[in-house]
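These figures come from a predicted structure and were not determined experimentally. Nothing fancy with the numbering, it's 1 onward along the sequence.
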Amino acid sequence: MEIENEAAENDTQEHEDKELLEEAKDRYKIADEFWSDNYKAAIEDMEFRAGDQWPEEVKEIRKNRPCLVVDKTNQYIRQVVNDGRQNRPSVKVRPVDSGADIEAAEVYQGVIRHILESSNADTAFDSALESAVVGGIGFFRVLTEYAHSNTFNQDIVVKRVRNPLTVLIEPPKEADASDISYAFITEQLTKEQFKEKYPKAKFQDWETSRENYGDWNNGEEIRVCEYWYKEDKDVLCHFLDDGTVEEDGLYQKAVKAGLEVPTIVQSRTIKKSKVRWCRISGAEVLEKRDWLGKFIPVIPVFGNEYDIDGKVTYSGLIRTM
C-alpha cells in the first residue's frame, strides 16, 4: 500500500511540474515579446557607450581608413550616476497606526539598516541605476541566504543584477512593478556545472526566440531559468466586534470547537497571494520552494518611460545620441 501511495504521489507531482513548466513557457513568450524591442535597443545603447558608434556598412566602406570615436556619452552618464550615489534610496520606518510606537519603529529601522549594510546594498542600487541611465532599465533583487555554514538561520540580503538583459518580468503597470505576478532570471551553466548540480536532470534546450543570447543549449552550455510566480486565491474574511480581522476558515474552526467568538460585524472576500520560486530547464523543474514575502523580489529601476498607443518604450541618456 505504501508503494502504491508513493507512486501516486510521484505521478501527481510529475503532472504538476509538467503544468508548471508549460505555464512558465507561455509566460516567458509573453514577457519576451514585450521586452524584445527594448532589450535590442538597450544592447545598441551599451555598444554605443563602449565605442561601437559607426554603422557596419560605413565601417566596411572605410575598412582601410580610421573610424574615430570621440566619447561624448560617459560625462553625462557619470553626472546622473554620481548624483544618485550621493542620494541613494533609503528606508524610513514611521509609526502610523494605533498599534505602533516609536521604539518598535526604531528597532525595525535598525534591522533594515543592518540588512542594507551587511549585504552591500549600495552596490546593487548603483548597478541598477547605471543600467537604467545607459539602457533604460536595471534591476536589483532581494534574497535570503544562510547566515553561515553551521546554521539553519537565514539572513535577508539585497543583491545586484549585473546583466539586466537576463531578467524578464511581466509587463508592469506600477512604477515599481509591485503588481507583477511572474518574473524570470536566466543563468548559463557549463555542461559540467549542470551535471554536478543536477546529476539526474535532462540536458535539454529550451526553445526561445531571443536573439540576444542565441540558443539556450549550444552543446557545451545550457541556460537554466529562475521562475518566480504568484498563486492567488480568494479568502473570505470577517471584521469582528472586538476590532480584529479573522479568516473564515479559522473562525469556523473556533465555532465548531465550542469557543466563545466575537460577533461578525462585516465580511468581505480578499485576494491572498503566495509567492513561489523554482529553477527550470527546458525539460523539467529542477528545484522549487516557497518565498515568505507577498511581492516578487525582483525590483526594476526604469529610465525614461513612454507609452505610445499602448507600446511601452524604456530608454536612457544614450538613445537619442
Close aromatic pair by centroid cut-off 6.0 Å: Y182 and Y227 = no
Using the benzene-type ring in the case of Trp, are the ring centres of Y314 and W35 under 6.0 Å apart?
-> yes
Would you check, one step at a time, whether the test side chain to side chain contact (heavy atoms under 4.5 Å, CB included) holds for D290 with V275?
-> CA-CA 6 Å; D290 294 340; V275 177; over 6 Å; no
Who are the side chain to side chain donor-acceptor pair (under 3.5 Å) partners of D176, not counting sequence neighbours?
-> S178
May I ask whether F139 and I43 are part of the same hydrophobic cluster, defined by side-chain heavy atoms of I, L, V, M, F, W, Y residues being less than 4.5 angstrom apart, directly or through others?
-> yes
Spell out, yes or no, whether V91 and V158 are grouped together once hydrophobic residues are joined by side-chain heavy atoms under 4.5 Å, including indirect joins.
-> yes
Measure the shortest side-chain to side-chain distance between C225 and I280 over non-hydrogen atoms and say whether it is less than 4.5 angstrom.
-> yes
Taking side chain as C-beta onward, heavy atoms only, is K271 less than 4.5 Å from K233?
-> no
Taking only Lys NZ, Arg NE, NH1 and NH2, and the carboxylate oxygens of Asp or Glu, determine whether R160 and D126 approach each other closer than 4.0 Å.
-> no
With a cut-off of 6.0 Å (strictly less than), are more than 12 heavy atoms of other residues, nucleotides or ligands near CD of E196?
-> no
Should we count CG of L259 as having more than 12 external heavy atoms under 6.0 Å?
-> yes
Name of the residue among W277, Y229, W228 meeting ring-ring contact (aromatic ring centres under 6.0 Å, His included) with W291 = W228
Under 4.5 Å between side-chain heavy atoms, chaining through other members, with only Ile, Leu, Val, Met, Phe, Trp and Tyr counted: pull out the rest of the cluster around Y251, sorted by chain and number.
-> L240, V255, V261, I264
